[in-house]
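Worksheet: the structure to be examined is printed underneath.
Computed from a predicted model, the values in this text were never measured in an experiment. Atoms within a ligand are numbered from 1 in the order they appear, just like the ligands themselves.
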Amino acid sequence: MSQTESEVSSWDRQDATVGATSADVLYNKCLALAHNLWWTWHPEVINLFRDLDPIRWRQLDHNPIALLREFTPERLVSRASEMVLFSRINHAFRRLKEYMSTVPTWSATHTGVLGARPVAYFSAEFGIHESIPIYSGGLGVLSGDHIKSASGLGVPLVAIGLFYDQGYFKQHLDASGYQREEYLDTKVGNLPMRQAVSADGEPLTVSITTRVGTLLAKVWLMQVGRVKLYLLDCDVDGNTPQDRELTARLYGGDERTRIRQELVLGVGGVRALRALGITPGVYHLNEGHSAFATLEVIRQRMEDDGLPFDEALRETAHHTVFTTHTPVPAGHDRFHSALIEEHLGPLRDGLRISQDQLMGLGRVEPQNGSEPFCMTVLALKLSRRANAVSALHGQVSRRMWAHLWPWRVEEEIPIGHITNGVHTPSWLAWQMMQLYDRHFPPGWFEHMGESEAWQHTYDIDPGELWETHNTLKSLLLSFVRRRVSRQCRRRGESDEAVEAARNVLDQDALTIGFARRFATYKRADLIFRDLERLAKLLNDPDRPMQLVFAGKAHPQDEPGKNLIRRIAHLQSDPRFYNRLVFVEDYDINVCRHLVQGVDVWLNNPRRPLEASGTSGQKVVLNGGLNLSVLDGWWAEAYDGRNGFAIGRGASHVSDDITDARDAAGLYETLEEQVIPTFYDRDVDGLPRRWVQMMMNSITSLAWRFSAHRMVMDYTLASYLPAAGGLSCDMSIK
Ligand SMILES: *Cc1c(COP(=O)(O)O)cnc(C)c1O
């Protein structure tokens with residue numbers, strides 16, 4: 001990145017442009033907007049970038065920096081006058097400046113002690129926007145939403161992650177419906193980041209010595225509203241060619257790649273914070289990937305304060321909180337002793353403990369020589385408090401880890417729960433926000449994590465709510481048609497097929513969305529268990545239904561890829577023609593379109609394997625209804641009048657029987673509840689009972705399952721006790 005760019009990327013250095021032409025000033029304001037990811041949740045700024053060149057905007061994956069590179073300041077001015085953009089640019093720039101100049105926030109009155117010593121939030125992925133491909137799915141989007149809400153609430157927090165220059169793969173289906181993966185190099189210069197500088201003003205590089213050499217990582221800084229996100233990147237001079245690629249891809253490669261990535265994230269992350277002059281009061285490990293961080297914190301305490309290992313460990317645990325996301329034992333990272341010694345040996349020397357002692361920290365039974373080192377066990381042992389991500393997942397996690405505390409009864413296992421939520425402004429459609437703005441009290445947006453404002457949903461005219469939903473549905477259909485016809489063209493299908501794809505689906509049919517990772521436990525094919533019964537529902541002449549699918553399978557997950565192929569094939573089955581589509585390359589952009597436009601969001605994992613799930617929460621904000629197994633967040637959200645349940649929350653010991661039962665439950669709910677309610681219209685064609693359910697869903701769920709509520713819970717129940725060192729823990733709900 002050039003010097004001028006990094007200067008304008010810091011909005012508060014705008015005065016440095018005194019003497020520049022007015023075209024330069026305008027251009028720099030746009031660049032400053034593009035360099036703070038605050039823009040990603042402000043529709044008026046997004047629209048501003050789009051209006052500069054709508055076609056290129058789409059082609060460039062909604063990346064404003066890439067777009068601005070195609071403009072000279074002079075061309076920007078002429079485009080701005082054509083489109084009357086001057087006042088919009090100035091207004092947006094002023095709002096960003098105000099936002100950054102610490103106006104009173106929730107945090108100002110709630111988080112005193114964190115001011116001096118912020119929360120350090122570690123996560124292996126961050127899903128902030130589709131143009132920044134450093135996430136793969138749910139975990140990343142959750143981290144992104146967490147830091148956006150921390151920004152909104154003003155919670156003092158810095159985030160640490162990895163920079164993957166190829167990120168996660170782009171998905172295409174070949175002519176046989178089989179998933180193909182493509183990795184693209186991200187142009188670093190097109191991303192809103194610059195190299196972080198250390199406390200003494202030098203570009204920052206951290207190093208980690210292993211038994212087999214030293215790993216280096218440089219550190220990027222991204223500004224996400226008020227939150228700074230630091231990303232470590234191993235593509236630096238001084239690393240071996242192999243190590244330069246260590247952080248190229250998310251979850252690529254073998255065990256060795258994984259432990260090295262996790263070493264960089266955890267140990268490298270803590271070293272980067274120190275070099276930046278940041279002393280965290282709380283370490284939040286979002287999932288076990290970053291748990292090595294605790295070992296480096298212990299080492300620093302021993303070195304700085306002369307503490308013996310045991311005492312430094314207790315102190316570290318005192319300031320550490322851990323969120324677990326995985327309800328199956330196999331989903332947790334485990335490493336063998338030799339790999340641990342190879343990578344953590346030198347750090348262990350600094351801790352003055354034996355290899356056995358170190359291994360013991362990652363084992364359920366410390367003395368069991370055959371037990372590998374588990375990152376989750378390390379995180380559980382080295383945190384004061386752990387939490388799962390929904391009430392049900394809390395129960396499952398306590399049971400799963402009960403053997404770590406064999407002297408305690410299950411309810412006393414120190415794993416609580418804080419249910420996940422979504423960042424409302426990032427997922428709420430602009431049209432829906434306008435509607436809320438007209439009916440909610442002024443300033444409601446500052447209180448989106450509280451229930452009061454949302455009660456005004458009932459003041460909205462049902463016809464108006466329905467109409468707004470249908471506008472969003474038609475935008476979804478245009479998006480799907482554009483994508484599906486492009487997919488046909490890429491696969492070399494006939495002109496007729498491409499043309500037919502441009503008209504696929506029906507605006508008035510009940511539209512069901514299903515989009516998620518194609519892991520087998522999510523059972524994407526559950527609805528296809530009885531093809532005849534489904535075909536009848538889809539093709540009912542008076543009450544038709546249609547299905548939109550999307551989702552990626554992990555590159556090594558053959559069963560997941562087979563599921564995708566099966567659904568791709570069914571698209572051309574005459575019984576499903578025009579009633580079933582698969583949209584390729586699921587990402588934040590595809591997700592946003594889907595959750596904003598569907599009538600119903602289908603979720604049918606095998607209970608209790610879905611820790612929380614968040615996509616259904618995004619649907620709520622936009623007036624869609626959930627149809628879901630009582631798992632994850634839905635198990636505590638469903639109240640009988642705010643959506644639909646599949647089954648009664650039971651599961652059989654045999655998966656086959658569970659699946660058969662759940663499929664029957666799904667068809668029943670569709671036939672007896674969903675379809676009749678949707679098509680029950682009054683004289684004006686308005687589905688009154690349906691709209692009532694939309695309102696019930698919004699009022700009862702939008703605030704509870706918002707990331708603002710989630711971050712407030714973390715702050716009050718986890719961060720403050722950990723930072724203040726209060727002796728009595730506030731227990732997590
Ligand atoms: C929200 C989101 C997810 C998480 O949704 P689930 O309900 O957990 O499936 C995954 N991927 C993307 C791209 C998302 O936006």
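- Distance from atom 11 (N) of ligand 1 to its nearest protein heavy atom, with residue and atom name: Tyr586 CE2, 3.6 Å.
- Considering Trp39, Trp38, Phe49 as possible partners of His129, the one that fulfils the ring pair (Phe, Tyr, Trp, His ring centres under 6.0 Å) test is Trp39.
- A salt bridge links Arg709 with Asp713: the closest approach of a Lys/Arg side-chain nitrogen to an acidic carboxylate oxygen falls below 4.0 angstrom.
- Salt bridge Asp61/Lys170: present, at least one basic N to carboxylate O contact under 4.0 Å.
- Between His332 and Trp401, the ring planes lie perpendicular to each other; the angle is over 60°, past the 30° to 60° tilted range.
- Residue contacts with ligand 1 for Thr614 involve both N, CA, C or O and side-chain atoms from C-beta outward (heavy atoms, distance under 4.0 Å).
- Applying the 4.0 Å criterion to heavy atoms of Gly613 picks out, from ligand 1, the atoms 7 (O), 8 (O).
- Residue Ser136 has no nitrogen or oxygen atom sitting less than 3.5 Å from a nitrogen or oxygen atom of ligand 1, judged on distance alone.
- Under a 4.0 angstrom heavy-atom cut-off, Lys618 registers as being in contact with ligand 1.
- Closest protein heavy atom to atom 9 (O) of ligand 1: Arg516 CB, 3.6 Å.
- Residue Trp427 touches ligand 1 through its side chain alone, judged by heavy-atom distances below 4.0 Å.
- With a 6.0 Å cutoff to the six-membered ring centre and a 45° limit on the axis angle, Arg180 does not count as a cation-pi contact of Tyr178.
- Between Glu584 and Arg483 there is no salt bridge, since no side-chain N of the basic residue sits under 4.0 Å from a carboxylate O of the acidic one.
- Protein heavy atom at the shortest distance from atom 10 (C) of ligand 1 is Gly138 N, 3.4 Å.
- When non-hydrogen atoms are compared, ligand 1 lies under 4.0 Å from the backbone of Asp587 (N, CA, C, O) but not from its side chain.
- In Ser615, the parts holding a heavy atom less than 4.0 Å from any atom of ligand 1 are both the side chain and the backbone.
- Residues Glu610 and Arg523 are not paired through a salt bridge, judged by the lack of any N-O separation under 4.0 Å between the basic side chain and the carboxylate.
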